[in-house]
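Here's the structure, in structure tokens; my notes come after.
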Amino acid sequence: MTAKTKTTMTPEKLRSSRWFEAGDFRSFNHRSRMMQNGYAIEEWKGKPIIAIVNTWSDLNACHGHFKARVEDVKRGILMAGGFPVEIPTLTLYETIVKPSAMLYRNLLAIEVEEMARCHPLDGLVLMGGCDKTVPGLLMGATSAGLPSIFVPAGPMLRGIHKGEFLGSGSDAFKAWDEFRAGEITREELDGVCDGIARSYGTCMTMGTASTMALVTEALGMVLPGASSIPAVDANHQRMCSDSGRRIVDMVWEDVTPDKIMTRSAFINAITTAMAIGCSTNAIIHIIAQARRAGHNISLDDFEAASRTVPVVANIRPNGTSKYLMEDFYYAGGTKALLNRIRDYLDLNQLTVSGKTLGDNISGAMVYHDDVIRPLDNPIYKEGGLAVLKGNLAPDGCVIKVSACSPKFHKHTGPAIVFDSYPEFKKVVDSDDFDVTEDHILILRNAGPKGGPGMPEWGMLPIPTKLVKQGVKDMLRISDARMSGTSYGACVLHVSPEAYIGGPLALVETGDTISIDVAARALTLNVSAEELQQRRERWTQPAPRFGRGYGYIYSQHVNQAHTGCDFDCLESSFGTNPQEPDIF
Ligand code: FES
């Protein structure tokens with residue numbers, strides 16, 4: 001059964017017609033100013049006006065092809081009888097933006113929502129892909145409430161150096177560690193630098209970008225199969241044109257985001273995240289998106305899925321995989337993966353295609369069983385993430401168990417505490433650093449308010465002294481995030497964060513901490529009485545930003561376990577004026 005929607009919109013009811021057809025002075029003025037652009041009235045009159053929200057910039061190589069792809073989207077919109085307008089918007093290149101692209105995710109969401117609200121628009125094509133652009137665009141579109149379709153940037157080609165395939169992030173971290181250990185030369189390191197990012201497109205490991213693209217398809221906001229097409233494949237151009245055609249129909253059918261992004265659709269997204277061994281960042285973004293859409297998704301939903309859904313996408317950095325997103329696409333891609341885990345999904349959910357998720361994936365075949373594993377031969381029996389709780393993280397924290405050494409699934413060790421990343425950097429390369437592989441490195445004041453913006457500092461580098469001894473993993477705990485391409489025994493997103501006085505703020509060097517992944521427990525082995533005395537002595541660190549956006553961010557951002565949206569942007573905070581009030 002399909003969920004094909006009916007045509008409910010008419011030219012007179014189009015939102016944009018309020019700007020141009022009201023018969024008053026303002027509509028006269030609006031028409032004349034459109035004509036100032038060189039548009040004849042008949043080019044847009046009675047047609048859905050579609051904004052192509054483009055996150056291209058000369059600095060963002062993940063979106064470098066969007067400058068050309070936008071023409072494919074426009075072609076599709078024109079073919080379907082719509083009127084395309086490109087709206088360039090905030091671009092966030094994960095690797096380049098400092099202190100963290102996460103600091104600006106909410107700003108992008110605000111921009112998308114407000115640009116959509118204040119302009120004569122009927123629908124949105126959201127062009128994004130690099131990590132935070134996916135949730136930022138979707139959160140803004142959700143709040144704007146206009147029919148919207150997401151166009152994923154697609155992964156870049158595999159990296160390659162001396163005949164070996166390289167994965168974004170993961171192999172850069174590995175090469176850097178080998179260089180620090182004296183195992184490879186500077187020339188070798190430079191060769192990795194040359195070969196690891198060979199084309200436009202997003203990181204081609206199962207990092208945050210790939211995770212969020214696949215999850216967005218499971219959510220229903222991407223055309224079937226679109227999320228895994230490599231950025232430079234001609235299929236990507238055709239997908240862009242298809243998306244342009246489809247958004248015009250979505251406007252006529254009045255398919256608004258709330259009809260797609262239901263609670264069940266978010267559970268499908270979480271299920272998919274678990275099956276692909278997702279980036280830990282997905283937890284924060286999915287929760288934030290769901291709360292924008294008015295659904296109370298929490299860490300408990302991730303924990304429940306984690307207990308039942310096996311990891312079947314065998315893509316780096318999970319396990320010991322040699323495969324990358326290009327291999328995943330050739331193995332059948334997202335449709336094949338979703339079809340393989342179909343028994344875990346609610347297949348009746350409506351998607352942007354106008355059909356159900358079940359219809360979208362029907363008959364999709366897997367062509368390589370080692371890349372997309374059968375359910376009875378997963379790379380990890382349970383979901384790749386675990387949500388831990390305990391006196392060190394009363395509101396929860398996460399660990400990517402599928403990408404860390406099993407010996408740290410249960411471990412007790414002494415803590416070494418750092419109040420800031422610069423403090424850690426001072427000692428990381430020192431031969432005098434008093435550290436063993438059994439120690440637990442703690443980084444704090446790197447959370448949503450303390451960072452601010454939760455920089456991806458959670459995969460603290462293994463101290464050079466230990467790297468030289470051959471140590472590949474050790475336990476690290478922080479209120480920061482880590483890149484989706486990172487790996488190792490890193491406990492992240494500790495909530496509440498240290499900056500607001502969470503228990504992480506009370507840990508002292510030498511305290512012992514115990515982790516037990518099977519029991520989902522993280523325990524600071526210090527008595528409640530002693531912790532209370534430390535709490536009475538604790539003072540909040542000085543804010544990092546005394547003005548501007550950083551200050552606004554710190555004032556309004558929520559904690560990690562609720563998605564790090566601004567309090568005033570969540571759907572539960574309040575409502576905007578009804579649209580006719582705007583005129
Ligand atoms: Fe853009 Fe990794 S830097 S997806």
Side-chain angles (χ1 to χ4, degrees), residues 54-67 69 89-105 108 126-138 150-159 165-176 192-193 195-217 222 226-233 236 273 276-282 284-285 313 315-318 324-326 328-329 334 400 403 453-459 481-487:
N54 193 351
T55 50
W56 168 85
S57 94
D58 268 335
L59 272 178
N60 191 340
C62 293
H63 299 179
H65 53 315
F66 277 170
K67 192 174 189 177
R69 292 292 185 277
T89 192
L90 186 66
T91 190
L92 297 173
Y93 189 18
E94 188 66 30
T95 313
I96 297 286
V97 170
K98 297 291 179 266
S100 166
M102 182 65 179
L103 186 63
Y104 301 102
R105 182 199 69 179
L108 173 59
L126 310 167
M127 298 184 73
C130 192
D131 298 20
K132 309 304 176 290
T133 60
V134 184
L137 289 166
L138 285 165
F150 191 85
V151 169
M156 67 176 97
L157 296 175
R158 299 180 189 103
F165 290 127
L166 301 173
S168 307
S170 308
D171 280 309
F173 298 131
K174 181 165 162 281
W176 187 253
V192 172
C193 188
I196 202 165
R198 296 190 298 125
S199 77
Y200 289 144
T202 53
C203 292
M204 72 331 232
T205 35
M206 190 55 79
T208 305
S210 301
T211 293
M212 291 309 297
L214 269 60
V215 156
T216 303
E217 183 164 336
V222 170
S227 62
S228 48
I229 304 172
V232 295
D233 192 305
H236 194 272
I276 60 180
C278 67
S279 158
T280 45
N281 286 322
I284 291 176
H285 299 323
I315 312 291
R316 285 190 226 177
N318 287 305
L324 296 162
M325 286 303 291
E326 203 176 328
F328 179 73
Y329 180 60
T334 312
K400 187 167 181 172
M454 291 182 86
E456 292 186 337
W457 294 339
M459 190 182 80
R481 296 173 302 112
M482 75 174 184
S483 162
T485 62
S486 299
Y487 50 84

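Counting begins at 1 with the first residue of the sequence. Atoms within a ligand are numbered from 1 in the order they appear, just like the ligands themselves.
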Parallel, tilted or perpendicular, as decided by the 30° and 60° cut-offs, for the rings of Y487 and F173: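 The rings of F173 and Y487 stand perpendicular, inter-plane angle above 60°.
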
Protein N, O or S within less than 2.8 Å of atom 1 (Fe) of ligand 1, waters excluded: C62 SG, C130 SG

Distance-only polar pair, side chains of S279 and T208, donor-acceptor under 3.5 Å: yes

Side-chain H-bond candidate by donor/acceptor type, T485 with S168, under 3.5 Å: no

Between [X] and [Y] (side chain of the first, backbone of the second, donor and acceptor by atom type, cut-off under 3.5 Å), is there such a pair?
X: E456; Y: R481; value: no
X: S486; Y: M482; value: no
X: N318; Y: A313; value: no

